[in-house]
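Everything below concerns the one structure shown next.
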Amino acid sequence: MTLGRRSKWVWAATAVAFCGSAAGAVWLSPRPTRQPLPYNHAAHTAKSDCVLCHQGSRDGLRAGLPGIQVCTGCHATPPFRGAGAPTQAQWQAWDTGDGDAPPVWNRLFRLPSHVFFSHRRHTNVAGLPCARCHGDMKDRRTPPEFPLRTLKMRDCIGCHEAEKVTTDCARCHR
Amino acid sequence: MSRWGMVVDLGACTGCGACGVACRQENNVPDVDERTWRNGRQRDWLQLVTKVEGRYHDAQVESYPLMCLHCDDAPCTKVCPVGATYSDEEGLVAQIYDRCIGCRYCTNACPYSVKTFNWLDPVWPQGTERRQNPDVSVRPRGVVEKCTMCHHRHQKADDRARFEGRELRHGDYTPACVEICPAGAMIFGDLDDPESEVSKRSEDKRAYRLMEELGTEPKVVFLRPHGKRS
Amino acid sequence: MKRRDFFTVIGGAAAGITIGRAGLANLLPPRVDPAARRPSLTATPSEREAISVCGGCAAGCSVLLRVVDERIVGMRGSPRDPLGMGGVCPRGLSEVAAFYEPDRLLGPVAFSRGSQRTAHRIEWKAALAKLDEPVVKLVAAGRGARIGVALSSGRGVTSAVATSVLASLGSPHVYAVDPLRDEAVRPTSTMLFGQPVAPGYDLERTDVIFAFGADVLEGWLSPSFVARRFGRGRTGPRQLQLVYVGSHLTQTAMRADDWIRCRPGTEATVALALAGQLLDTGSGSKSALEAVAGLRGFADEEGGQREGVGAALRRDYTVAAAAQQSGVPAAEIRRLARVFAAASAPVAIGERTAGSAGMFGLAAVHVLNIVAGRVGREGGVFLPRPAPVAALPGAAAVPGRLDAPPISRVAGTSIWRVFRELALANKPPPFDVLLLEDGAALGDLGEGDPAFALLRKIPLIVSAATGLDASTAVADLVLPATTTFEQTVDVEPASSGPFSAVAAAEAAVPRLVDGRPFADVLLHLGRAAGKLTADAPKDVAAAVRHRLSGLASAEHGLAYTTPYSERWNAHAAGRANSPPGSDAGDGKNADAFVAAVLAQGGWVDPRAELSPPTAARPIAVHGLVRLRQQSVAGLFRMPSDERAWLPRSEHAAPATNPPQTLALQPIPVGTLNGRGAPNRPALLQTAAPHVQAGFRPWAALNPADARPRGIANTDILRLETAHGAIEVEARVTEGARPGTIAVPWAPWARGTGRYLTHWTAGAERLAQGVASDAIGARTVGGLPVKVARTGRKA
């Protein structure tokens with residue numbers, strides 16, 4: 001590569017383009033979502049159903065995420081050790097509701113506010129399995145940092161058309 | 001399928017405006033400063049219209065709550081270039097914010113001036129966003145909005161009915177204005193159900209529709225007040 | 001640029017994108033969507049409906065709040081509420097917005113006195129210590145009567161706690177100010193019915209309402225109660241009629257079947273002419289007249305003979321005289337008398353919320369009710385009976401109230417009119433410590449009022465307002481109260497039908513800011529002074545439960561149930577009664593009964609007890625004369641005229657106005673004023689007809705008056721009276737009687753609300769020095785107003 005062939009302005013422009021694009025790409029990339037506790041889906045789904053923790057997924061509009069008391073209800077002691085693990089005292093405080101603010105899960109799937117989506121209509125009435133939209137969590141040992149499936153409106157419409165269910169805009173948009 | 005309509009008995013209406021206030025709360029309608037209001041740049045979804053006509057000695061008053069009348073033959077639906085406003089399966093004229101490009105063709109086509117365009121970003125002073133109804137979106141600047149007959153309540157009521165394995169019952173779905181009216185002047189229901197109060201009252205001899213001659217076939221029917229005006 | 005150079009730059013960009021996407025992002029901390037951090041979105045969502053009592057005014061409607069993730073996002077009326085029966089007035093609904101008002105005080109505030117009032121936040125402990133100090137000193141010195149409280153919340157736990165705590169401290173000074181009732185109401189009741197109790201109107205069973213300048217559909221009394229009964233009357237078989245006698249096409253007039261256009265201030269004249277007609281034509285109720293004292297000639301206190309009110313009516317208030325004074329044609333007056341006589345259950349209403357009808361104005365309208373036998377009858381006027389709540393333990397009532405003789409002329413006079421009298425007599429303030437529940441407790445006290453100057457001399461003023469309002473503008477200390485949604489509360493609705501009721505509910509939501517119930521502050525004071533007994537309630541929730549427990553042993557009454565349902569009707573007819581706990585299905589358990597009352601929103605005894613007057617306990621219209629005796633000119637500030645001693649407006653306009661003036665008609669914005677917070681909730685800042693200008697007060701006048709003055713719509717006018725001047729926007733309308741000008745009555749407008757900076761003074765500024773009759777009420781209809789253009793436009 002002969003530097004002299006191109007003017008320094010070209011290299012300057014290239015450098016600016018490089019930095020700008022890199023910064024832009026970093027800024028616009030989806031950021032990973034990290035959870036406060038290293039929840040292991042695989043260890044739990046063998047024994048129980050999604051609805052144990054996502055308590056609205058069968059009977060509610062929103063599936064929801066479990067409060068820490070769902071965990072302390074089964075686990076008498078903190079279920080993991082190592083970095084970031086709570087102490088026994090802290091775990092018990094979360095169980096009774098005293099003490100510091102308990103850990104709060106960060107949402108992976110965020111429904112836009114202009115969409116009405118009823119989980120129970122899809123799981124309970126239509127009988128769809130959770131994995132159909134959310135991907136299969138049963139083998140995940142760590143909390144996913146990105147949604148296993150990114151859902152766009154065309155995914156909803158595609159399924160509705162295939163199943164011959166209404167695609168009337170006003171049924172879901174609000 | 002139901003065909004939703006409303007009857008407003010102007011003989012019972014006291015003009016208190018609770019319907020308009022309920023609508024604003026239910027639908028996250030933002031506040032607006034005076035200058036914007038005066039310039040006609042923001043309207044409520046439900047306005048209380050009051051007109052005094054004639055001369056002092058025989059002044060005629062017309063006062064009524066005015067919201068989208070969900071016309072069966074709605075002019076606004078005919079001019080939307082992108083299909084953001086259309087008549088849905090149950091007769092409600094829907095407004096889909098995501099499709100709206102803000103051309104305001106529909107706002108101009110509406111003879112009742114019940115559609116409003118968001119010229120400005122909505123302003124929610126700090127902390128007040130807590131009272132926003134989570135069932136309704138907060139519209140951005142650049143889209144048209146109007147009364148939806150609290151369609152979000154229908155979405156929830158229908159979902160509940162299907163979940164419970166039954167049909168929608170009378171009273172399951174009521175818009176906020178009808179629910180709040182302290183005079184009980186508003187009736188809402190299925191116009192296609194001959195047993196419903198709304199279909200019976202809409203045939204009342206006092207019933208009239210606004211600008212009926214335009215052929216829009218509005219589904220909100222007003223009942224003229226009783227008696228004479230002196 | 002050459003192609004190679006272009007590709008070089010593009011290549012750089014592509015390389016950047018690749019590097020960026022490849023994993024540089026992982027080196028940066030994960031971005032978390034702020035929305036995702038809200039616990040409400042991560043935990044299982046919660047939604048519930050909580051019952052509460054609306055605190056928008058003293059009416060006490062029972063409401064259901066929609067609470068999602070512990071946020072209030074909606075309200076509807078409780079279908080069991082006997083007032084609204086499921087409806088809510090606009091003011092009530094706006095309490096949802098008021099709850100989250102961005103200018104709501106976060107905690108106690110102390111203001112420094114002097115030319116620069118500066119505020120600083122203080123902790124509750126320090127704030128209460130500032131209040132305790134003077135109170136404890138006063139009580140220890142036996143001067144507890146130097147402590148006073150002014151309330152705006154009507155009868156309920158707060159007033160009961162205030163009364164019992166202050167009695168323990170040795171003070172009788174607990175005064176109620178109700179912004180939704182005419183201030184002349186209680187003194188007039190004292191005069192006519194012998195007790196300072198505001199009457200009620202049995203609107204459920206009325207067939208014709210004659211509103212004499214009374215803005216009954218505009219935030220009057222209990223807006224929910226009136227609206228519901230009006231609606232029921234209009235949609236039912238009875239076809240309720242409304243006749244409005246007044247000078248402007250107000251909201252009430254617009255919905256009336258008949259608008260009787262009279263000069264401002266002459267409504268009472270028309271009422272008396274109707275009464276005279278009923279007596280003349282013998283259409284008055286003969287049996288009712290037996291129970292009226294003073295209608296015929298009687299001996300006054302000095303032993304002199306007086307002609308009866310009846311004779312004076314027939315002489316001074318003939319149809320012709322009333323027509324001449326009011327401008328209503330004689331034929332119309334005769335027709336109205338026929339309508340009133342022919343109705344089976346008419347009622348005449350004179351109370352107003354924009355200014356006062358005055359004692360005589362109200363008495364005049366009641367004379368019509370009295371002569372027609374409408375007092376204590378179905379569909380008419382009645383004196384409400386209080387609910388048999390248990391009294392709070394504590395000392396008995398202390399004598400020496402300021403709003404009763406000998407200090408006031410008539411029992412029930414507004415405390416601020418008493419202050420005015422004291423100020424004009426150069427007396428010192430009667431209190432060293434004054435607690436104000438909020439701005440509404442100051443009524444329509446304006447800056448120019450002599451009472452205001454006296455108020456400012458009080459060494460310590462404490463306000464319990466939740467935001468900046470008229471009370472915090474004078475307070476040294478603000479101890480923000482909780483809203484009714486945030487505390488256990490009970491309110492006895494005073495403005496309802498002839499049933500007795502108590503609305504009650506537990507706290508619906510946790511406290512949003514660091515406020516405390518006003519009742520708790522008062523209980524604290526009592527304990528600090530060491531004067532509360534051991535069985536005194538420890539807080540407002542205990543006080544409410546104690547009061548409700550008294551209902552458990554009442555023979556009649558039940559927890560709120562759907563009005564006019566089978567169950568209600570059975571109880572109303574006395575065919576059912578409620579032993580304690582019956583609502584909870586348990587025969588004898590008072591605790592379960594109280595719990596059921598709280599869960600259902602309140603308690604009601606649906607039996608209507610109208611207490612018609614009898615010959616043994618008559619209505620006394622000769623009280624009019626008794627008062628008159630004391631000093632004609634001084635007392636009533638009316639021209640001394642022996643014959644015309646019956647009610648007449650101070651400002652009754654002669655046949656032609658003084659040149660260049662228009663007669664004032666004050667217009668209520670009652671629904672929007674409610675508790676008097678000038679920082680009106682955002683939800684009310686809507687273009688409803690009451691405030692069609694949206695954000696400014698206005699002046700409505702007829703084109704016949706506007707044209708000669710060159711006035712067009714939206715011109716800014718300057719209005720001036722002998723008492724004050726204002727600038728308002730013109731609204732030219734045919735709905736205005738020529739020769740008159742209608743201006744909203746906005747005593748709490750201080751312009752601190754976000755969008756309310758243009759809501760300046762209204763009719764109350766034009767009338768601030770006016771004090772009519774024995775109680776100093778502000779009767780302003782007909783006040784001559786000079787009108788001029790300023791040249792500006794709104």
Side-chain angles (χ1 to χ4, degrees), chain A residues 49-51 54-65 67 101 104-130 132-133 150-161 163-174, chain B residues 1-2 4 26-28 68 70 74 77 80 82-100 118 122 124 129 132-140 143 145-166 168 173 175-176:
Chain A
D49 204 4
C50 310
V51 79
H54 300 281
Q55 289 166 349
S57 55
R58 205 166 18 234
D59 295 342
L61 300 179
R62 285 150 62 186
L65 288 161
V104 154
W105 302 106
N106 297 310
R107 287 184 75 167
L108 264 187
F109 287 92
R110 289 191 285 279
L111 191 67
S113 65
H114 61 266
V115 177
F116 171 76
F117 179 80
S118 162
H119 272 89
R120 62 187 181 188
R121 187 69 174 265
H122 292 79
T123 60
N124 199 316
V125 179
L128 295 173
C130 305
R132 177 78 175 265
C133 300
T150 308
L151 296 169
K152 301 235 179 265
M153 180 174 147
R154 60 167 172 268
D155 298 307
C156 307
I157 293 285
C159 189
H160 272 233
E161 278 176 345
E163 302 291 335
K164 309 252 189 310
V165 179
T166 183
T167 53
D168 184 18
C169 311
R171 296 303 293 266
C172 303
H173 278 264
R174 57 183 192 180
Chain B
M1 288 262 103
S2 315
W4 301 109
E26 180 76 13
N27 293 291
N28 304 332
C68 171
H70 295 274
T77 60
C80 178
V82 295
T85 184
Y86 69 99
S87 277
D88 80 357
E89 316 162 312
E90 294 191 328
L92 293 180
V93 175
Q95 188 73 38
I96 308 302
Y97 310 117
D98 284 85
R99 270 211 165 146
C100 179
N118 286 308
W124 287 86
E129 75 285 344
Q132 285 171 357
N133 184 353
D135 297 337
V136 179
S137 59
V138 177
R139 282 76 56 195
V143 299
E145 58 184 52
K146 67 164 187 72
C147 158
T148 58
M149 289 290 180
C150 290
H151 186 66
H152 56 279
R153 289 187 171 199
H154 177 261
Q155 288 170 341
K156 292 182 74 174
D158 183 65
D159 174 79
R160 173 168 287 280
R162 286 297 300 268
F163 176 66
E164 292 174 2
R166 57 170 175 83
L168 206 59
Y173 164 41

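In what follows, chains are A, B, ... by sequence order, proteins preceding strands, each numbered from 1.
Only the side chain of B:Arg99 has a heavy atom closer than 4.5 Å to any heavy atom of chain A. In this structure, the portions of A:Asp168 lying under 4.5 Å from any heavy atom of chain B include both its backbone and its side chain. Contact of B:Asp98 with chain A is made through the side chain alone, with heavy-atom distances under 4.5 Å. At a 4.5 Å heavy-atom cutoff, the contact between B:Phe163 and chain A is made by backbone and side-chain atoms alike.
Taking the six-membered ring for Trp and thresholds of 30 and 60 degrees, B:Trp4 and B:Tyr173 have ring planes more than 60 degrees apart, a perpendicular arrangement. Classification of the B:His154-B:His151 ring pair by plane angle, with boundaries at 30° and 60°, yields parallel.
Highest contact tally toward chain A, considering only B:Lys156, B:His152, B:Glu89, is held by B:Glu89 [criterion: heavy-atom pairs under 4.5 Å]. The most heavy-atom pairs under 4.5 Å with chain A, out of B:Gly165, B:Pro134, B:Ala94, come from B:Pro134. With chain A as partner, the option from B:Val136, B:Asp135, B:Asp159, B:Leu92 having the largest number of non-hydrogen pairs under 4.5 angstrom is B:Asp159. Note: A:Ala170 leads A:Ala170, A:Cys172, A:Ser113 in heavy-atom pairs under 4.5 Å with chain B.
Looking at B:Asp88 and A:Arg171, no side-chain N of the basic residue comes within less than 4.0 Å of a carboxylate O on the acidic one, giving no salt bridge.
Within the 4.5 Å cutoff, side-chain heavy atoms of A:Leu61 are placed close to those of A:Arg120. For the pair B:Gln95/B:Val143, no side-chain contact is recorded, criterion being any heavy-atom separation below 4.5 Å from C-beta on. Side-chain contact check for A:Leu151 versus A:Cys133: some heavy-atom pair is nearer than 4.5 Å.
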